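Structure first, commentary second.
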There are 2 protein chains.
Amino acid sequence: MDPTPIPTSDTPRKATTIKDVARRARCSIASVSRVVNDSGPVSGALRLRIAAAVAELEFRPSEVGRSLVLKRSRTIGVLVPSVTNPVFADCLAGLQETARRGGHAVLIAQSNYEAGREVEAIEPLIAERPAGLVLTVCDPASSEARARAAAAGIPTVLLFNEASDPGVALVTVDNRGAGRDLAAALIGRGHRRIAFVAGRFAASDRARARYEGVRDALVAAGLPVEPPVEADFIDGPDRIDLADILDRLRPTAIVASNDLLAIGVVAALRRHGLAVPDDVSVAGFDGIAIGGLIAPSLATIAWPARAMGTTAAAMLLDLVAGRGREPGRTLTLPHLFRPGGTLADAPNTSR
Amino acid sequence: MDPTPIPTSDTPRKATTIKDVARRARCSIASVSRVVNDSGPVSGALRLRIAAAVAELEFRPSEVGRSLVLKRSRTIGVLVPSVTNPVFADCLAGLQETARRGGHAVLIAQSNYEAGREVEAIEPLIAERPAGLVLTVCDPASSEARARAAAAGIPTVLLFNEASDPGVALVTVDNRGAGRDLAAALIGRGHRRIAFVAGRFAASDRARARYEGVRDALVAAGLPVEPPVEADFIDGPDRIDLADILDRLRPTAIVASNDLLAIGVVAALRRHGLAVPDDVSVAGFDGIAIGGLIAPSLATIAWPARAMGTTAAAMLLDLVAGRGREPGRTLTLPHLFRPGGTLADAPNTSR
DNA sequence: CGTGCTGGTGAAAACGTTTACACCAGCGCC
DNA sequence: GGCGCTGGTGTAAACGTTTTCACCAGCACG
């Protein structure tokens, strides 16, 4: 319980190395390495001496030295559009925890939902020679970032992206199916004029797939299909402008491409003097926790974000360890429609 | 635009090294290093040859090799209680962006609001020999994690923590003053019975300071002071149990130790059949963006979370570069009371 | 009593950088 | 014309590990 005294002056004292331990234990560094990593045989007596020296000197092997000789660090790099979107934060939390348990540290990078930024975001990660990468990119098929990772020979798992080419490790959800399910739920409540609002549409294959799913359902029901409305929710969710679509389509329901945007859409509708869900219903995707706490609660398609992070980490660690079963392995986690107070019967409709 | 073809087979091809470049440019590795880092003189002709070789071979210097010889990596480690709390996610986003601009990568770790986990969370970070660390710990004065960082001689900036001992770099806010301000706002609206709800009280010096501030204001106004109520918001914000405090104190206002918790409290009150703000007002701390989008909007004390991240990163990079002005530098960023729909006049009170 | 194996140990190379140092050519200066 | 500087270049050491290889002792086996 007694905390180690904290030196106030930041003495740049040098860390103890394997040589210090070897000297203290009166042996070679090879034996120290063998004990520390439990590789190769060491006699009981020497093992004890080394263990004592390690403890006394508080030896912590340098990952840098280790990485150099092993040609890969025990680090995994993660690229997400933004850590401030709860769905990615949840992912990241699970991913980090699983990585830590597996003895790996996690490096982060953000693309800010811009394909052009992916490269500059991922370069520093690659420079650290990580054991592997987990990426959520704008468009897997054309991603320069992914190409760089592949060129560097770094095992990579895509997260949340749509399946593009085979031979890729991927942890994702059925975005298109989710779109269909959500639209079906709206149609079932009598909605006929349904709008789709997306963030950076061009920068998210998820948003595009969800839109296509919604479109599938609309077409199947013989309902009018509107092109998606782009609403910049990144910088300033309080400036979402729905005037145009409200005037043109007079939708009774709006599907947002994710929950964060959906909450912004609800707020925007209120600014327009429209009641949710009495005038307009709203629904999103992701199932972020906060959506269930607000009033009215947010109708959404939920997927296990944290589990997607842990799964991606586990898959990557498998890949890294050579336990990579089939190299191109796609894991599609289930989604679930979660009803909420933002979704009601369409006005002027007797079901 | 033409994307580099992505090899499907994960060929573990070896990265090009400085030697490859030297061979190609017909010179020594020293000259390559000089050109890459722009250190030392190189003739125009050779400089050109090397630049060409670097480009053709797509040479990216290994940070691992560099870190080994420089004894520190261009990486900074960040420990926060949880990346899923938007206030820390915002911090992290700003921090990462500033670090990247400064040529540094960011390693993350989470303590899950448990002092006991701080050490195991930070050890892998220290093992990577980062240039510096940014920590938000449970209790700076007794933090074993902080002690480890100091023992390893790693420059450290504390974030959000309370000032403990001098000689520490710290980016924070006036938590206690914020508590006073928030309580004053409540008292000004006629509230007399004010409860304080905290998450892991023992694991957050911020929560404790905010409580003390609230207490200050209550005492100054001659109002009754209740001990804080602990509500576990980490796993399951939907199981916050307020029955006890509602029965005992019958508060007209509840202050939550942060916004995430405050939103949970609002939901819990609703489950108890109480209207917010008509029956009970609620306020929190942090000023998370989503608080302004929900209805009723959340009254809160807002601080510039993202800027705190960027500031902490900038301060750390200064420290690392030796530009560390005074070593023990505390920067207190301003806070601002942000009124919201969750805060109304106390019932049965004519102001 | 050799022969071969096995357990225990150390010496040394390798990993990819940076940088101190040495060297040489050219040039200005006395 | 010798001297000292400077610009340009290369050699080699160092950083902290892991791992291969060699070596030696002891022991079972024939």
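Here is the naming used below: chain letters follow the sequence lines, and residue numbers restart at 1 for every chain. None of the values given here were measured: they were computed from a predicted structure.
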In terms of heavy-atom contacts, A:Ile76 and A:Ala99 come closest through CD1-CB, 4.0 Å
Sorted by chain and number, sequence neighbours left out, side chain to side chain donor-acceptor pair (under 3.5 Å) with B:Arg60 holds for A:Glu123
Enumerate the protein-to-nucleotides 13-16 of chain D contacts in which both atoms are nitrogen or oxygen and the separation is below 3.5 Å.
residue, atom, partner, partner atom, Å
D:dC15, O2, B:Val69, N, 3.4
D:dG16, N2, A:Gly65, O, 3.3

Hey, mind stepping through B:Val137 and B:Asn161 against side-chain contact (heavy atoms from CB on, under 4.5 Å) and telling me if it holds?
CA-CA 7 Å; B:Val137 296; B:Asn161 281 117; 3.5 Å; yes
### Query
Does A:Val320 reach the side chain of A:Arg72, with side-chain heavy atoms less than 4.5 Å apart?
yes
Mind checking whether A:Asp20 and A:Arg23 have side chains closer than 4.5 Å, heavy atoms only? yes
Between CZ of A:Arg60 and C1' of D:dT17 the distance, given in whole Å, is 17 Å
Taking side chain as C-beta onward, heavy atoms only, is B:Arg146 less than 4.5 Å from B:Val168? yes
Next item on the list: Check whether any side-chain heavy atom of A:Phe59 sits under 4.5 Å from a side-chain heavy atom of A:Ile18, and report yes or no.
Entry: yes
Rounded to whole Å, the CD1-P distance (A:Ile50 to C:dG10) equals 8 Å
Every protein N/O within reach of nucleotides 20-27 of chain D N/O, cut-off under 3.5 Å:
none

Practice problem: Would you tell me if any nitrogen or oxygen in the side chain of B:Ser39 comes within less than 4.0 Å of OP1 or OP2 on C:dT18? | Solution: no
A:Arg26 atom CZ is separated from C:dT9 atom P, nearest whole Å, by 12 Å
Here the distance between atom C1' of C:dT17 and atom CZ of B:Arg72, to the nearest Å, is 16 Å
**Asked** If you look at every strand shown and take non-hydrogen atoms under 4.0 Å, does B:Ser33 touch a base, only sugar-phosphate, or nothing?
**Response** base
Taking five pairs at each terminus, the helix from C:dC1-D:dG30 to C:dC30-D:dG1 shows an axis bend, to 10°, of 50°
Exercise for review: Give the C-alpha distance, both sets of side-chain angles, the deciding distance and a yes or no for salt bridge (Lys or Arg N to Asp or Glu O under 4.0 Å) between A:Glu63 and B:Arg129.
Suggested key: CA-CA 7 Å; A:Glu63 281 296 328; B:Arg129 303 293 187 261; over 6 Å; no
For A:Glu128, the salt bridge (Lys or Arg N to Asp or Glu O under 4.0 Å) test, sequence neighbours excluded, returns none
Side-chain contact check for A:Ser28: nearest option of C:dA11, D:dG10, D:dG7 is C:dA11
Applying salt bridge (Lys or Arg N to Asp or Glu O under 4.0 Å) to A:Arg49 and not counting sequence neighbours gives none
| Does B:Ser43 put a side-chain nitrogen or oxygen below 4.0 Å from OP1 or OP2 of D:dT9? | yes
Whole-Å distance, B:Leu48 CG to D:dG8 C1', equals 16 Å
Looking at side-chain heavy atoms only, is the closest gap between B:Leu92 and B:Val83 below 4.5 Å?
yes
